[in-house]
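Structure first, commentary second.
Only this structure's heavy atoms are used, side chains among them; waters, hydrogens and symmetry mates stay out.
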Amino acid sequence: MEKAKARLFHPILIVDDDRIFRTRLVRALEDRGLRTHGAADSAEAVRLMHEIKPVRAIVDLRMAEESGLDVIQKLKAIDPKLAVIVLTGYGSIATAKEAIRRGALDYLTKPADADQILSIFEKADAPQGERATPPESAPSLAQVEWEHIQRVLADCDGNISQAARVLGIHRRSLQRKLSKLPPPEIEG
């Protein structure tokens, strides 16, 4: 437990090119008594890794110049023990798996709040016997389809006709799917 408390005093690095979100998250963590530093891109994150030596990082998946997955690799190359959480507005199972494969502790969709993030870090710091076991369930096909449609639509900048072409379905079929509520999330 002392090790977990000691980690709280080390700085946290937030890497996100969205200045407003980054500033809010930095402020929220600082309000909880944590030293927090924000970086707008990979180069600034690497510089801060060397300067402040954080033990925790929060990395946005989609940034203007570089994928958060690549940023994770760069940060973990500097400190393999770095605990990383990936945040994104474009959640998908494939990117979540890839983030974990590259060394992230967990993967949260935005808007994630500071308490959710700190909870994940605390669970990771808990002794092995006290850690919760990950859920054994898989997402439903409806959830996977919904995530895929949302990702393609985002990649097409919201253009439904273009997204329908990419998905290989009729525009009206896509509109019908989008008019339905997303399938419920799987309870873990």
*asked:* My understanding is that only one of D106, I12, L87, I14 makes a side chain to side chain contact (heavy atoms under 4.5 Å, CB included) with I117; could you say which?
replied: L87
What pair of heavy atoms forms the shortest contact from [X] to [Y], and how long is it?
| X | Y | result |
| --- | --- | --- |
| A45 | L13 | O-CD2, 3.8 Å |
| A99 | Y107 | CB-CD1, 3.9 Å |
| A104 | I72 | CB-CD1, 4.2 Å |
| L48 | P54 | O-CD, 4.1 Å |
| K76 | L82 | NZ-O, 2.8 Å |
| C156 | V166 | SG-CG2, 4.0 Å |

*Between Q150 and L178, is a side chain to side chain contact (heavy atoms under 4.5 Å, CB included) present by the stated rule, with each step listed?*
CA-CA 9 Å; Q150 294 301 314; L178 291 171; 3.5 Å; yes
Got a second to check how far [X]'s [atom1] is from [Y]'s [atom2], nearest 0.5 Å?
| X | Y | atom1 | atom2 | value |
| --- | --- | --- | --- | --- |
| D17 | D41 | CG | CG | 8.5 Å |
| R35 | I52 | CZ | CD1 | 7.5 Å |
| S161 | L174 | OG | CG | 9.0 Å |
| I58 | L105 | CD1 | CG | 10.5 Å |
| E44 | H37 | CD | NE2 | 11.0 Å |

*asked:* Taking CZ in R32 as the centre, count heavy atoms belonging to other residues, nucleotides or ligands within less than 6.0 Å. Is the count above 12?
replied: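 Yes, the 6.0 Å shell around CZ holds more than 12 heavy atoms from other groups.
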*Report the C-alpha separation of D60 and D18 in whole Å, then their side-chain angles, then the decisive distance to 0.1 Å, and conclude whether the side chain to side chain contact (heavy atoms under 4.5 Å, CB included) test is met.*
CA-CA 9 Å; D60 184 32; D18 180 343; 5.7 Å; no
*With the threshold set at 4.0 Å, does a side-chain nitrogen-carboxylate oxygen contact exist between R24 and D16?*
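No, this pair does not count.
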*asked:* Run M49 and D79 through side chain to side chain contact (heavy atoms under 4.5 Å, CB included) and show every step you take.
replied: CA-CA 8 Å; M49 277 296 293; D79 182 0; 3.9 Å; yes
